[in-house]
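Single-structure report; data block below.
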Amino acid sequence: MQIPIDDISRSKARKAYMLVVEDNPDDEALMQRLACRQLPDVQTYCVNSVTQALAYLDGCAVHELPRLILLDLYLPRREDGWQLLQLLKAHPLRQRLPVIVVSSSDEEEDIVRTYDLGANSFITKPATRGEWQAYFEALRHYWWDTVTMPPYYRF
C-alpha cells in the first residue's frame, strides 16, 4: 500500500513515543534527561520491569505504540530482558517495534542471543555523560531523522 506524501508529512507531526525499560534508577534518570533534551517532541515513558513494560504496551492504542524501545538487558537478570524481547517479537502488533538493547555487558553470548531474538541493535552502555550525549544525538539522527518506519509507526 502506497502512502501519499501528505500523509507522511502529517504523520511526522503527530506525537511520538519512546519506551525505556531500565531498572537502574541512575541510568533511567540520565536517559530520561537526555531524551528530553535530544528528542523534545518525543514522549518518553520509563518502566523498570518486564511486567511494567507489558502493562504499558497493553494500554497503548496502535497510534500510541512507541516508535522505539530502549531495553536494558539485565532487569536484573539477562533472562528477563531476553524474555521481554521474545514476547515483543512474538506479538503481531509489537513484532516490528524497533528494540535497541542497551547493556553494561559486552559478553558475546549476550550480544548473539539478543540479535537471535530479534533486537534491532545492541549497544554497550556509554561510560561517560559525554558518550551518553553522543549516543542520544546519534539515536535521534538515525531513528527520527533518517529511518522510514512502517505506516502505523510513523509519528
Side-chain angles (χ1 to χ4, degrees), residues 1 3 11-12 16-35 38-39 42-155:
M1 172 178 138
I3 297 175
S11 68
K12 288 194 180 245
Y17 302 91
M18 180 169 67
L19 177 62
V20 175
V21 186
E22 172 62 66
D23 66 333
N24 179 310
D26 294 332
D27 287 346
E28 177 189 325
L30 179 59
M31 288 195 275
Q32 180 76 24
R33 278 194 308 277
L34 290 169
Q38 290 297 320
L39 302 161
V42 176
Q43 179 67 49
T44 302
Y45 292 97
C46 296
V47 297
N48 58 29
S49 70
V50 172
T51 304
Q52 288 179 352
L54 293 173
Y56 167 78
L57 292 167
D58 285 343
C60 289
V62 171
H63 69 279
E64 296 171 328
L65 286 170
R67 179 181 173 113
L68 186 66
I69 297 174
L70 300 182
L71 170 61
D72 178 30
L73 182 59
Y74 285 74
L75 290 173
R77 302 171 312 130
R78 66 182 175 184
E79 289 78 13
D80 298 325
W82 286 335
Q83 176 194 19
L84 179 55
L85 186 57
Q86 203 164 17
L87 290 169
L88 291 171
K89 296 305 177 177
H91 191 280
L93 284 177
R94 300 175 189 155
Q95 65 187 354
R96 291 187 190 154
L97 291 173
V99 178
I100 299 174
V101 172
V102 183
S103 179
S104 296
S105 172
D106 61 359
E107 292 183 31
E108 185 175 326
E109 179 184 3
D110 290 346
I111 297 166
V112 170
R113 177 107 169 112
T114 295
Y115 279 108
D116 286 348
L117 291 172
N120 297 83
S121 295
F122 185 101
I123 305 292
T124 301
K125 286 183 179 178
T128 67
R129 185 169 172 80
E131 290 173 351
W132 273 105
Q133 178 75 27
Y135 170 72
F136 268 84
E137 287 172 11
L139 181 126
R140 184 201 73 236
H141 175 70
Y142 184 74
W143 288 103
W144 266 265
D145 299 340
T146 304
V147 170
T148 301
M149 302 292 283
Y152 50 93
Y153 296 128
R154 290 189 188 134
F155 302 107

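Counting from 1, the numbers follow the sequence of the chain as shown.
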- Query: What closest approach, in Å, do L19 and P66 show between heavy atoms, and which atom pair accounts for it?
  - Reply: N-CB, 3.8 Å
- Task: Could you tell me whether a side-chain N or O of R129 sits under 3.5 Å from a main-chain N or O of L30, the two making a donor and an acceptor?
- Result: no
- Query: If you look at every heavy atom in L75 and D80, which pair is closest and at what distance?
  - Reply: O-OD2, 3.0 Å
- L97 and N120 have their tightest heavy-atom pair at O-OD1, 3.9 Å
- Just by distance, do the side chain of Q38 and the backbone of L34 share a donor-acceptor pair under 3.5 Å? no
- Rounded distance (nearest 0.5 Å) linking atom CG of L73 with atom OG1 of T114: 4.5 Å
- If we only count heavy atoms from C-beta on, is the D116 to W82 side-chain gap below 4.5 Å? no
- With the threshold set at 4.0 Å, does a side-chain nitrogen-carboxylate oxygen contact exist between R94 and D58? yes
- Message: The criterion is ring-ring contact (aromatic ring centres under 6.0 Å, His included); which residues satisfy it with F122, sequence neighbours excluded?
- Response: none
- Query: Which one of S104, S105, S103 satisfies the side-chain hydrogen bond (donor to acceptor under 3.5 Å, both in side chains) criterion with D110?
  - Reply: S105
- Item | Exercise: do Y74 and N24 side chains pair donor with acceptor under 3.5 Å | no
- First locate atom CG of L139, then atom CG of L39, and finally report the distance between them rounded to the nearest 0.5 Å. 6.0 Å
- Locate the shortest heavy-atom distance separating L71 from G81; write the atom from each residue and the value. CD2-O, 3.7 Å
- Message: I want to check something: taking the side chain as every heavy atom from C-beta on, are K125 and E22 in contact at a cut-off of under 4.5 Å?
- Response: yes
- So, do E64 and Y45 sit near enough that their side-chain heavy atoms are less than 4.5 Å apart? no
- What pair of heavy atoms forms the shortest contact from D23 to N48, and how long is it? CB-O, 3.6 Å
- CG (L57) and CG (L84) are apart, to the nearest 0.5 Å, by 7.5 Å
- Would a 4.5 Å heavy-atom cut-off, applied to side chains only, mark R113 and R78 as touching? no
- Message: What's the separation between atom OG in S49 and atom OH in Y56, rounded to the nearest 0.5 Å?
- Response: 14.5 Å
- Note on the structure: Smallest heavy-atom separation, Y135 atom then P126 atom, equals CB-CG, 4.1 Å
- Message: We want to know whether Q133 and E137 form a side-chain donor-acceptor pair, criterion being a heavy-atom distance below 3.5 angstrom.
- Response: yes
- Heavy-atom distance under 4.5 Å between the side chains of K89 and V99, does that happen here? yes
- Does any non-hydrogen side-chain atom of Q83 lie less than 4.5 Å from one of L87? yes
- Task: May I ask you to test the L68-V42 pair for a side-chain heavy-atom distance under 4.5 Å?
- Result: no
- Item | Beyond-backbone contact of D72 with D27, side-chain heavy atoms, under 4.5 angstrom | no
- Task: Might you confirm whether atom NE2 of H141 has over 12 heavy atoms from other residues, nucleotides or ligands at distances under 6.0 Å?
- Result: no
- Would R67 count as a cation-pi partner of W143, with NZ or CZ less than 6.0 Å from the six-membered ring centre and within 45° of the ring normal? no
- Message: So does Q32 get a backbone contact from the side chain of T44, meaning a donor-acceptor N/O pair under 3.5 Å?
- Response: no
- Report the C-alpha separation of Y142 and V147 in whole Å, then their side-chain angles, then the decisive distance to 0.1 Å, and conclude whether the side chain to side chain contact (heavy atoms under 4.5 Å, CB included) test is met. CA-CA 6 Å; Y142 184 74; V147 170; 3.3 Å; yes
